[in-house]
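These values consider heavy atoms only, across backbone and side chains, with no hydrogens, waters or symmetry-generated copies.
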Amino acid sequence: MSVGFCIGPVHKKDVMKASVMLEKKKEYATILAFDVKVTQEARELSDELGVKVFMADIIYHLFD
């Protein structure tokens, strides 16, 4: 399983990278966006491909 840590907004490119995990296991195609913006393009692509994007301003809210 590949895990990437980036600083800054979530872009279409990030969704494409996460979508590779759909081949292994669907639940691995997930992006945890802690206190960053998700671009409109990234949101649309994640909906199309089935990549889950969880967003929260406070990190422990990602797990609630």
Side-chain angles (χ1 to χ4, degrees):
M1 184 168 89
S2 173
V3 178
F5 296 96
C6 299
I7 298 175
V10 177
H11 293 282
K12 188 175 172 181
K13 171 183 70 172
D14 302 312
V15 175
M16 293 296 291
K17 287 180 182 179
S19 72
V20 172
M21 296 310 292
L22 289 167
E23 297 173 10
K24 297 270 183 190
K25 219 172 181 189
K26 192 167 83 171
E27 49 274 3
Y28 291 165
T30 303
I31 297 173
L32 302 177
F34 161 61
D35 199 24
V36 295
K37 295 181 186 219
V38 179
T39 66
Q40 185 63 33
E41 282 183 325
R43 287 179 201 206
E44 291 170 1
L45 185 60
S46 69
D47 288 340
E48 278 180 43
L49 298 178
V51 173
K52 298 283 185 189
V53 179
F54 295 96
M55 297 176 284
D57 292 332
I58 301 171
I59 197 163
Y60 57 81
H61 286 174
L62 287 171
F63 300 102
D64 288 344

J.: Kindly give the heavy-atom pair with the smallest separation between D14 and P9, and that separation in Å.
T.: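 That closest heavy-atom pairing would be OD2-O, 3.7 Å.
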
J.: Assigning hydrophobic clusters by single linkage (Ile, Leu, Val, Met, Phe, Trp, Tyr; side-chain heavy-atom cutoff under 4.5 Å), is V36 placed with M16?
T.: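 Result: yes, single cluster for both.
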
J.: Which residue pairs pass the salt bridge (Lys or Arg N to Asp or Glu O under 4.0 Å) test with at least one member in residues 19-38, sequence neighbours excluded?
T.: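 Output for this query lists K25-E27.
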
J.: Looking at CD1 of I31 and NZ of K17, how far apart are the two atoms once the value is rounded to the nearest 0.5 Å?
T.: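 If we round to the nearest 0.5 Å, I31:CD1 and K17:NZ are 10.5 Å apart.
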
J.: Identify all side-chain donor-acceptor contacts of residues 44-53 below 3.5 Å with residues at least two apart in sequence or on another chain.
T.:
unit_1: E44; atom_1: OE2; unit_2: Q40; atom_2: NE2; d: 3.2
unit_1: S46; atom_1: OG; unit_2: A42; atom_2: O; d: 3.3
unit_1: S46; atom_1: OG; unit_2: R43; atom_2: O; d: 2.8

J.: Among L32, V38, V10, which residue satisfies the side chain to side chain contact (heavy atoms under 4.5 Å, CB included) criterion with M55?
T.: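 The residue from L32, V38, V10 that satisfies side chain to side chain contact (heavy atoms under 4.5 Å, CB included) with M55 turns out to be V38.
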
